[in-house]
Amino acid sequence: MEQARLGKVFLMGAGPGDPELITVKGLRCLRKADIVLYDRLAAPELLEETHSSALRIFVGKEPHHHTFKQHEINALLVSYAREGKLVVRLKGGDPYVFGRGGEEALALQQAGIPFEIIPGITSAIAVPAAAGIPVTHRAYASSFTIVTGHEASSPDEGHNVNWEALAALGGTIVVLMGVRALPRLTQRMIEAGMDSHMPAAIIQEGTTSQQRTLVATLASIADKAREQQFANPALTIIGEVVSLSQQLQELTAHPEIQNLFLSRAS
Ligand code: SAH
């Protein structure tokens, strides 16, 4: 009896927002895909790179809309691969930094579906950089920690963050998914022993043309972010490195040198 040929799933990072920050391997694979399942955070321009016959399915989470449950996304990946398709699962940033990429990989492994990870540039590092903040610097921080801002009780990410241990570590802290909980989070960090005057920044839609940055202190950032209506997608970075943000703002270059690749393609 003839055995149906299995397809393959590529769990792929789309990069932090700027569509040009996808990897070369990711873009090549995206152009070949039969099916693309994509999130809200993947840049829409990237979908234009897919083949005209490719099926594009939005599986992102939008508040107050029916969205795919995680087990439904897993089931779609498995069933398309069983039809022999080349499936791209396009996720914001890097597929294994939050966003449940690990769960999707496990579901594929358990179903016996061939899969491959194509890493992406995570927003946790690239977005601060785009706002003039290196996550480490010899004079200020020798470690950085990426934490979830979701509540400890959140079924999404699950684990408690040990804020006391982080305060004692003294490195840079990058908080993803923490806009709504920012008042509670910053309060918790101060209670855990962090300096309330520590520089802190919130950056919205980093690496895109909509990027906005607010620099304040650990004690004041939550109120100021609310006043200025910062909203998702945004991340918060806390640490001495934030003090470099003014100095390391990118200077505007000659127009010919901006958007080098986009202009070359046109
Ligand atoms: N896998 C992704 C993170 C998924 S969690 C990565 O590696 O980047 C989603 C969170 O990432 C958002 O709530 C936000 O905190 C952060 N994020 C993603 N893209 C962002 C952007 N362009 N600007 C600011 N924060 C961003």
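Start at 1 and go down the list; that is how both ligands and their atoms are numbered. All values derive from a computational prediction rather than experimental measurement.
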How many angstroms lie between atom CE of M194 and atom CH2 of W163, to the nearest 0.5 angstrom? 6.0 Å

Does CZ belonging to R28 count more than 12 external heavy atoms closer than 6.0 Å? no

For the pair D195 (side chain) and H197 (backbone), establish whether a donor and an acceptor sit closer than 3.5 Å, ignoring hydrogens and angles. yes

When you measure from the side chain of T172 to the backbone of G239, do you find a donor-acceptor pair of N or O atoms at a distance under 3.5 Å? no

More than 12 foreign heavy atoms under 6.0 Å from CZ of R180: is that the case here? no

Taking atom CD1 of I125 and atom CD1 of I133, what is their separation to the nearest 0.5 Å? 13.5 Å

Hey, does I203 sit under 4.0 Å from ligand 1 if you only count heavy atoms? yes

Heavy atoms only: which of R40, M177, Q210 lies closest to atom 12 (C) of ligand 1? M177

T207, any N or O under 3.5 Å of ligand 1 N or O: no

Protein residue, atom and distance nearest to atom 22 (N) of ligand 1, heavy-atom basis: P16 O, 2.8 Å

For A130, is there any backbone N or O sitting under 3.5 Å from a side-chain donor or acceptor partner on Q211? yes

Heavy-atom nearest neighbour in the protein, as seen from atom 9 (C) of ligand 1, with distance rounded to 0.1 Å: L41 CD1, 3.7 Å

Report yes or no: does R212 contribute a side-chain atom to a donor-acceptor pair with the main-chain N or O of Q228 at less than 3.5 Å? yes

State if E205 counts as touching ligand 1 under the rule of any non-hydrogen atom under 4.0 Å. yes

Mode of V179 contact toward ligand 1 - side chain, backbone, both, neither (heavy atoms, under 4.0 Å): neither

Starting from atom 18 (C) of ligand 1, what is the nearest protein heavy atom, named by residue and atom, and what distance separates them? S123 OG, 3.3 Å

Contact (N/O only, under 3.5 Å) between V127 and ligand 1: no

So which protein heavy atom does atom 23 (N) of ligand 1 come closest to, and at what separation? G206 N, 2.9 Å

Would you mind checking which non-hydrogen protein atom is closest to atom 14 (C) of ligand 1, with the distance to 0.1 Å? A234 O, 3.2 Å

Ligand-residue contact atoms, ligand 1 with N232, heavy atoms, under 4.0 Å: 13 (O)

Is a side-chain N or O of Q229 found less than 3.5 angstrom from the main chain of A225, in a donor-acceptor match? no

I want to know if ligand 1 touches Q204 in the polar sense, i.e. an N/O pair below 3.5 angstrom. no

Which protein heavy atom lies closest to atom 7 (O) of ligand 1, and at what distance to 0.1 Å? T122 OG1, 2.7 Å

Atom 2 (C) of ligand 1: the protein heavy-atom neighbour that sits closest, reported with distance to 0.1 Å: G92 O, 3.1 Å

F98, any N or O under 3.5 Å of ligand 1 N or O: no

Is a side-chain N or O of Q204 found less than 3.5 angstrom from the main chain of A231, in a donor-acceptor match? yes

Is there a polar contact, in the sense of an N or O pair closer than 3.5 Å, between G178 and ligand 1? no

Can any side-chain N or O of K91 pair as donor or acceptor with the backbone N or O of G99 at less than 3.5 Å? yes

Protein contact to atom 4 (C) of ligand 1 [nearest heavy atom, distance to 0.1 Å]: V97 O, 3.7 Å

